[in-house]
Amino acid sequence: MRILLAPDSYKECMDAACVAAAMADAVRKVRPEWETVEMPLADGGEGTVDVLVRALGGKLFSRTVTGPLGQPVEAFYGVAGDVALLEVAAACGLGLVPPERRNPLLTTTQGVGELLLAALEQGCRHIVIGLGGSATCDGGAGMLSVSGLVERAAGADIEVLCDVDTPFIGPKGAARVFGPQKGATPEQVGILEERMVRQAGRILQETGIDITDIPGAGAAGGLGGALMASLGAKLVPGADKVMELSGFNHILEGCDLIVTGEGKSDSQTLAGKVPLAVLRKSKGIPVALISGRIEDRDALSQAGFRYLAEATPRSLPLQEALRTETARHNLQQAVSELISSLEGR
């Protein structure tokens, strides 16, 4: 029996590599003779660089850049050959802004531009950028303010990992959809929208490209559109690209079961998150979904997941459930129960 363990992270308590390792330990304790293959995954959000550096045998580099509030932060990016691996959360992530200071009228993407420039100056001509988890909604203005970035990026192959189809402006645009999530009041959302309209106009004037209605242009508060129009980037499905770079199809060969998971699975999982990408590429191999919390079971079952297991007891207080040791224990218990249930099959 060969089992492929291909989870996303449990965002607040375990990264994807730790989740995969915990799953593998649980399998070996029940069936030590079974082969386990660990393949931690991501979809472009936090943790994407670590997953890809691990998969590609790359190296992490650190760089002091301008943080979301304009103060210096120590950010990182990965390099594997001539491929640079970035995630915008490292430079302008929501986690870098204290809750009481979250206001997308004040945050900037300048650090993203500085990270990009550092990778380009290192000789990387293929750039992979994950857009998840930003604290910003500046339409990429901060990024584009970095001197020399646009010129240095000319001719580079830039791929943006993005699983949202949010346009740049409008009722379903970046300001109205993501602004409140990043701390904007209703009044501030209106100001953000006006600012995004002006930014779209500037980008149109400078590049000749109208990004207002392009699906995905509003990702990361408009970074998607700025990257597309000003740096020639292509938007690609995040989880699918990570799986491609990680060699998922090759590793899948000979597997009898796939186990995936995330912190919480529900109907949003079916909008392009890691477990759905795994299911779509499973080639008929049964897929078990083991997540900290599972909602919308009928929808997940109908999508094709063969097994569904909720790792966190409903009676457990959230604060305790998010402790790393507690989450690991509960996850391993759920995996052990799944493997034990398969012994007679």
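Computed from a predicted structure; not experimentally measured.
Residues Lys273 and Ser265 have side chains that never bring a donor and an acceptor to within less than 3.5 angstrom of each other. Judged purely by distance below 3.5 Å, without hydrogens or angles, the side chains of Glu262 and Ser291 never pair a donor atom with an acceptor atom. Side-chain contact annotation: Arg202 with Gln205, donor-acceptor N/O pair under 3.5 Å absent.
Counting only distance, with no hydrogens or angles, the side chain of Gln188 and the backbone of Pro104 share no donor-acceptor pair below 3.5 Å. Between the side chain of Thr48 and the main chain of Gly45, a donor-acceptor pair closer than 3.5 Å is present. A donor-acceptor pair under 3.5 Å is formed between the side chain of Thr260 and the backbone N or O of Ala6. No donor-acceptor pair under 3.5 Å is formed between the side chain of Asp165 and the backbone N or O of Gly216. Judged by distance alone, the side chain of Ser340 and the main-chain N or O of Glu337 form no donor-acceptor pair under 3.5 Å. Asp296 places a side-chain N or O within 3.5 Å of a backbone atom of Ser267 that can act as its donor or acceptor partner. Between the side chain of Arg102 and the main chain of Ala135, no donor-acceptor pair closer than 3.5 Å is present.
Here Glu310 pairs with Arg293 in a salt bridge; the nearest charged N to carboxylate O distance falls below 4.0 Å.
With sequence neighbours excluded, the residues forming a side chain to side chain contact (heavy atoms under 4.5 Å, CB included) with Pro313 are Ser315, Leu316, Asn330, listed by chain and number. In this view, Glu295 and Arg314 satisfy the salt bridge (Lys or Arg N to Asp or Glu O under 4.0 Å) rule, not counting sequence neighbours. Residues passing the side chain to side chain donor-acceptor pair (under 3.5 Å) test with Thr109, sequence neighbours excluded: Asp138. Applying the side chain to side chain donor-acceptor pair (under 3.5 Å) criterion to Asn249, with sequence neighbours excluded, gives no partner residue. Shown here are the salt bridge (Lys or Arg N to Asp or Glu O under 4.0 Å) partners of Arg198, two or more places apart in sequence or in another chain: there are none.
Other residues, nucleotides and ligands contribute only 12 or fewer heavy atoms inside 6.0 Å of the NZ atom of Lys264. The environment of CD in Glu151 is crowded: more than 12 heavy-atom neighbours from other residues, nucleotides or ligands sit within 6.0 Å.
When all heavy atoms of Thr108 and Cys92 are compared, the pair lying nearest together is O-CB, 3.6 Å. Residues Leu322 and Cys13 come closest through the heavy atom pair O-CB, 3.0 Å. Closest of all the heavy-atom pairs between Asp240 and Ala277 is OD1-CB, 3.5 Å. Closest non-hydrogen pair, Leu4 versus Cys255, comes out as CB-SG, 3.7 Å.
Each side chain to side chain donor-acceptor pair (under 3.5 Å) pair with one or both residues in residues 208-217, not counting sequence neighbours, appears once here: Asp210-Thr212. Under the side chain to side chain donor-acceptor pair (under 3.5 Å) criterion, the residue pairs touching residues 220-234 are Asp157-Lys234, with sequence neighbours excluded. Pairs of residues two or more places apart, or lying in two chains, that qualify as ring-ring contact (aromatic ring centres under 6.0 Å, His included) and include a residue from residues 66-108 are Phe61-Tyr77. For residues 80-91, the set of pairs meeting the side chain to side chain donor-acceptor pair (under 3.5 Å) definition, not counting sequence neighbours, is empty. The stretch residues 177-225 participates, sequence neighbours left out, in no ring-ring contact (aromatic ring centres under 6.0 Å, His included) pair at all. Residue pairs satisfying the salt bridge (charged side-chain N to carboxylate O under 4.0 Å, His left out) criterion with at least one member in residues 105-133, sequence neighbours excluded, are absent. Pairs passing the side chain to side chain donor-acceptor pair (under 3.5 Å) check and including a residue from residues 318-328, sequence neighbours excluded, read Glu320-Arg323, Glu320-Thr326, Arg323-Thr326, Glu325-Arg328.
Using a 4.5 Å heavy-atom cutoff, the side chains of Met1 and Arg31 are not in contact. Side-chain contact between Arg28 and Thr36 is present, with heavy atoms from C-beta onward closer than 4.5 Å. You'll find the side chain of Leu60 reaches within 4.5 Å of the side chain of Val49, heavy atoms only. Side-chain contact between Met243 and Lys281 is present, with at least one heavy-atom pair separated by less than 4.5 Å.
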CA sep, side-chain torsions, deciding dist, call: Glu159, Lys241, salt bridge (Lys or Arg N to Asp or Glu O under 4.0 Å): CA-CA 9 Å; Glu159 294 183 284; Lys241 187 64 183 182; 3.1 Å; yes

